[in-house]
A.B. asks: 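Here it is: the structure, laid out below.
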Protein chains: 2
Amino acid sequence: MNNSLPKAALPAGPVGTASSRVFDNLRKDLVGGRFVAGEKLAINALKERYQVGLSPLREALNKLAAYGLLIQENQRGFRVPKLSRDELDDIAQMRLEMEGMALERAIAHGDSHWEADLLAAAHRLKHADISLDKGEEWEHLHTQFHRTLVAPCGSVWLLRFIEQLHDQFDRYRRLGPKMPTIRQELDDQHHQLVELALLRDAKAARALLDDHIHKSYDVALKRYQEHV
Amino acid sequence: MNNSLPKAALPAGPVGTASSRVFDNLRKDLVGGRFVAGEKLAINALKERYQVGLSPLREALNKLAAYGLLIQENQRGFRVPKLSRDELDDIAQMRLEMEGMALERAIAHGDSHWEADLLAAAHRLKHADISLDKGEEWEHLHTQFHRTLVAPCGSVWLLRFIEQLHDQFDRYRRLGPKMPTIRQELDDQHHQLVELALLRDAKAARALLDDHIHKSYDVALKRYQEHV
DNA sequence: TTAGACAAGATAATCGATTTTTTAACTTAC
DNA sequence: GTAAGTTAAAAAATCGATTATCTTGTCTAA
């Protein structure tokens, strides 16, 4: 084979293992609410659905269980965790504490590179086509924005926990269909957050982020209550 | 087979799957410093060491990677995460924030059942034979004590994160051999923590816990620096 | 001398089949 | 009619072997 093209020129990129691919897809589907909470996973059906063999599938399921998106019970497989009001409250409360902390630190430490990334992320989010592929594109840019916002907080572990909490929170927020009304208000807050971050007004930024999380919580709670 | 003994009478208890057993053992060994940081794991050697087949072993490794006790690199297996001063600082800082928060909430919500558990845990810890099986017994009771201390904080996720941080912290703290001198001082603090918790003095308890973590941090840092 | 190509061996990932355990349906005794 | 016991089917866990990928050492050509 005399293909002299460098690998990077090909569109494919690093394909990754079957296990990592099914992990990504399953995670997306679990967070996006494409499984029923409490449901027991039929492994053979998943094999079909994700077009993988048993071994990589089980490895992905094990990782998701350790991550908290699945419950693993010895000798009786995997199930999707139930949803509860109490847990939603817990998750939202933890988001307030941890993202608030992270935002203050990010504002203290973030450099001009961060400012640029933040502006870019907010802009991309604003122009995302929400109607495209069930808003999957918007969801991704939204996650990316919040990730960027707290990125320079200086703590790898704090970022890790926040990511995990976001995934858990989104299991509630993404239960129902989109609500464009409240959505607009939340979108506006993203830009206000950028403004306050650039002004280095940690106090005001944190207050706004608190409000943002509270409003998101209201949406998530509504979805949950309608869903039950 | 006419064995009429109820299952519970047998000493074995729930044996669990091969995967869960090797997960527990590997976790203990990783936290206990029985692997070299940065080392690449030879899967075949682990198969020998833990007496399991490939599939359950790989499932355990995948879980540990999602949990943060291993690094998984596509197509090149698993390695033990490196240690660094920066990460130790991060972990200790996060412990201060999160355990402090949890302790205040536990003191606010814990009932008399909790008080009893706490006294019992502290007592067991005090009388643990530290010389036994490399102090493994003491380590277990120590973990148990700290777990009990914050147990009624009301947040499942906070407890989960704290547990994870403890495991990470212990990778540093347990690098070298035991230091009986400083150990005594830390042991005393455990009992003082119980006292303050029973008095419901959240402020003082948190201050003492901060100091406790700081002292533990000093130990861990020393170990780390001697170890490099 | 050294960068690149190649081949052989080692390791990681995956597959297909087997073993073990659970679940559910059915029976039988009280 | 209920509860304990039995068994067949389903599902989970594990094993042994295969396939794919990486690593290392050697060689060649500039």
A.B. asks: When the distance from CG of B:Leu46 to C1' of C:dA13 is rounded to whole Å, what number comes out?
C.D. replies: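 Distance check: B:Leu46 CG to C:dA13 C1' gives 16 Å.
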A.B. asks: Using the C1' atoms of five pairs at each end, what's the angle between the two axes of the helix from C:dT1-D:dA30 to C:dC30-D:dG1, to 10 degrees?
C.D. replies: 20°
A.B. asks: Below 3.5 Å is the cut-off: list the nitrogen or oxygen pairs between protein and nucleotides 16-19 of chain D, distance only.
C.D. replies:
none

A.B. asks: Mind calculating the distance between CG (B:Leu57) and P (C:dT11) to the nearest angstrom?
C.D. replies: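 It is 15 Å, rounded to the nearest whole Å.
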A.B. asks: Rounded off to whole Å, could you give me the CD-to-C1' distance for the A:Glu59 and C:dT14 pair?
C.D. replies: 9 Å
A.B. asks: Apply the side chain to side chain contact (heavy atoms under 4.5 Å, CB included) test between A:Val22 and each candidate in A:Val52, A:Thr17, A:Leu61, A:Leu46; give the one that qualifies.
C.D. replies: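 Only match with A:Val22 under side chain to side chain contact (heavy atoms under 4.5 Å, CB included): A:Val52.
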A.B. asks: For the residue pair A:His190 and A:Trp138, does the interplanar ring angle fall in the parallel (under 30°), tilted (30 to 60°) or perpendicular (over 60°) class?
C.D. replies: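 Taking A:Trp138 first and then A:His190, their aromatic rings sit tilted (interplane angle of 30° to 60°).
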A.B. asks: Which atoms form the tightest heavy-atom contact between B:Phe161 and A:Met94, and what is the distance?
C.D. replies: CD1-CE, 4.1 Å
A.B. asks: Please name all residues satisfying side-chain contact (heavy atoms from CB on, under 4.5 Å) with B:Arg34, sequence neighbours left out, ordered by chain then number.
C.D. replies: B:Asp29, B:Arg49, B:Lys134, B:Glu136
A.B. asks: All N/O contacts under 3.5 Å from nucleotides 6-12 of chain D to the protein, with atom names and distances to one decimal?
C.D. replies:
{"residue": "D:dA12", "atom": "OP1", "partner": "A:Lys40", "partner atom": "NZ", "Å": "2.7"}

A.B. asks: Using the side-chain contact (heavy atoms from CB on, under 4.5 Å) criterion, which residues pair with A:Glu73? Sequence neighbours excluded.
C.D. replies: A:Ile71, A:Arg76, A:Arg79
A.B. asks: Give the rounded distance in Å between these two atoms: OH of B:Tyr50 and P of D:dT14.
C.D. replies: 17 Å
A.B. asks: In chain order, what residues pass the ring-ring contact (aromatic ring centres under 6.0 Å, His included) check against B:His123, with sequence neighbours excluded?
C.D. replies: B:His127
